[in-house]
2 protein chains.
Amino acid sequence: MDHRIPDADDLGHVIRDARKAQGLTQDQLAGMTGTGRRFISELENGKDTAQLGKVLLVLAALGIALYALSKWK
Amino acid sequence: MDHRIPDADDLGHVIRDARKAQGLTQDQLAGMTGTGRRFISELENGKDTAQLGKVLLVLAALGIALYALSKWK
DNA sequence: ACGAATTGTTACCTATCGGTAACTTTTTAT
DNA sequence: ATAAAAAGTTACCGATAGGTAACAATTCGT
């Protein structure tokens with residue numbers, strides 16, 4: 001499934017859904033990505049000050065690919 | 001055109017390409033998004049500590065949509 | 001309903017993000 | 001080639017991200 005990600009809330013939902021679909025706890029996901037459980041919790045709840053690199057780490061760990069769709073190039 | 005975004009470098013390229021395709025300077029893009037020119041410069045050069053919310057602002061300002069492609073849901 | 005597991009939240013703390021502004025380097029136009 | 005514009009970079013500095021750890025609230029399975 002693909003989801004448009006206009007804001008941090010949407011990303012949080014996608015991440016939470018994917019994590020649960022794979023039967024992972026926040027603790028496990030944090031461990032897999034070298035982050036902390038607090039970060040995962042806040043991220044899933046739409047924190048928009050989350051750092052890009054860590055967000056991409058989490059997405060990769062969950063097997064979620066990000067696409068940028070530009071009408072310009 | 002759509003681009004996969006595995007890391008911050010790729011995002012930077014997409015943003016730079018879109019900005020140039022629209023004939024904008026970093027200064028103008030910073031003004032449009034309430035950020036600073038330094039942020040745009042670093043973002044285009046792949047800074048992975050950029051904050052998610054600001055990144056999404058920049059993408060929106062450039063008319064770039066983000067999609068998350070998950071095989072799980 | 002009850003206990004355990006999971007998640008949310010707070011305090012504490014160090015590292016650093018990013019705005020402004022100045023200066024340097026690179027790119028672009030003529 | 002040269003001057004102007006754009007982009008890169010640095011210093012300065014207030015604000016805050018996020019790790020750990022402890023506690024509270026919530027969600028589970030049975």
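Just so you know, these numbers come straight off a predicted model, no measurement behind them. Here is how names work: the chains are called A, B, and so on, in the same order as the sequence lines, proteins then strands, and each is numbered from 1.
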Between A:D7 (side chain only) and A:D10 (backbone N and O only), is there a donor and an acceptor less than 3.5 Å apart? yes

Nearest to the B:R16 side chain among C:dG8, C:dT7, D:dA7, which nucleotide is it? D:dA7

Could you tell me the separation between the CD atom of B:Q28 and the C1' atom of D:dA5, rounded to a whole number of Å? 12 Å

Pairwise 5' ranking along DNA chain D for B:E44 and A:K20, keeping only the more 5' one: B:E44

Rounded to whole Å, CD1 of A:I15 lies from P of C:dT7 at a distance of 14 Å

Tell me what B:Q51 touches on the nucleic acid: a base, only sugar-phosphate, or nothing, going by heavy atoms under 4.0 Å. sugar-phosphate

Side chains of A:L24 and A:L62 in contact at under 4.5 Å (non-hydrogen atoms): yes

Nearest-Å distance, CG (A:L52) to P (C:dC17)? 12 Å

Counting distance alone, no hydrogens or angles: does the base of D:dG18 have a donor or acceptor under 3.5 Å from a partner atom on the side chain of A:R37? no

A:R19 CZ to D:dT27 P: how many Å, rounded? 13 Å

Winner on side-chain proximity to B:K54, out of D:dA7, D:dG18, C:dG19, is C:dG19

Among D:dA17, D:dG8, C:dT7, which nucleotide has an atom closest to any side-chain atom of B:Q26? D:dG8

From C:dT6, C:dG18, D:dG18, nucleotide with atom closest to B:R38 side chain: C:dG18

Spacing of A:N45 atom CG relative to D:dT27 atom P, expressed in whole Å: 12 Å

A:D48 CG to D:dA15 C1', straight-line distance once rounded to whole Å: 15 Å

Going from CD on B:E44 to CD1 on B:I40, what distance comes out if it is rounded to the nearest 0.5 angstrom? 7.0 Å

When the distance from CD1 of A:I40 to C1' of C:dT9 is rounded to whole Å, what number comes out? 16 Å

Any side-chain donor-acceptor pair under 3.5 Å between A:Q51 and B:Q51? no

Reckon A:S41 has a side-chain N or O less than 4.0 Å from the OP1 or OP2 of C:dG8? yes

Nucleotide D:dG8, atom C1' - distance to CG of B:L29 in whole Å: 16 Å

Taking only side-chain nitrogens and oxygens of A:T49, does any of them come within less than 4.0 Å of OP1 or OP2 of D:dA17? yes

Checking A:T33 side chain against A:L29 main chain: does a donor-acceptor pair fall under 3.5 Å? yes

Between C:dG19, C:dG8, C:dC17, which nucleotide has the shortest distance from any of its atoms to the side chain of B:K47? C:dC17

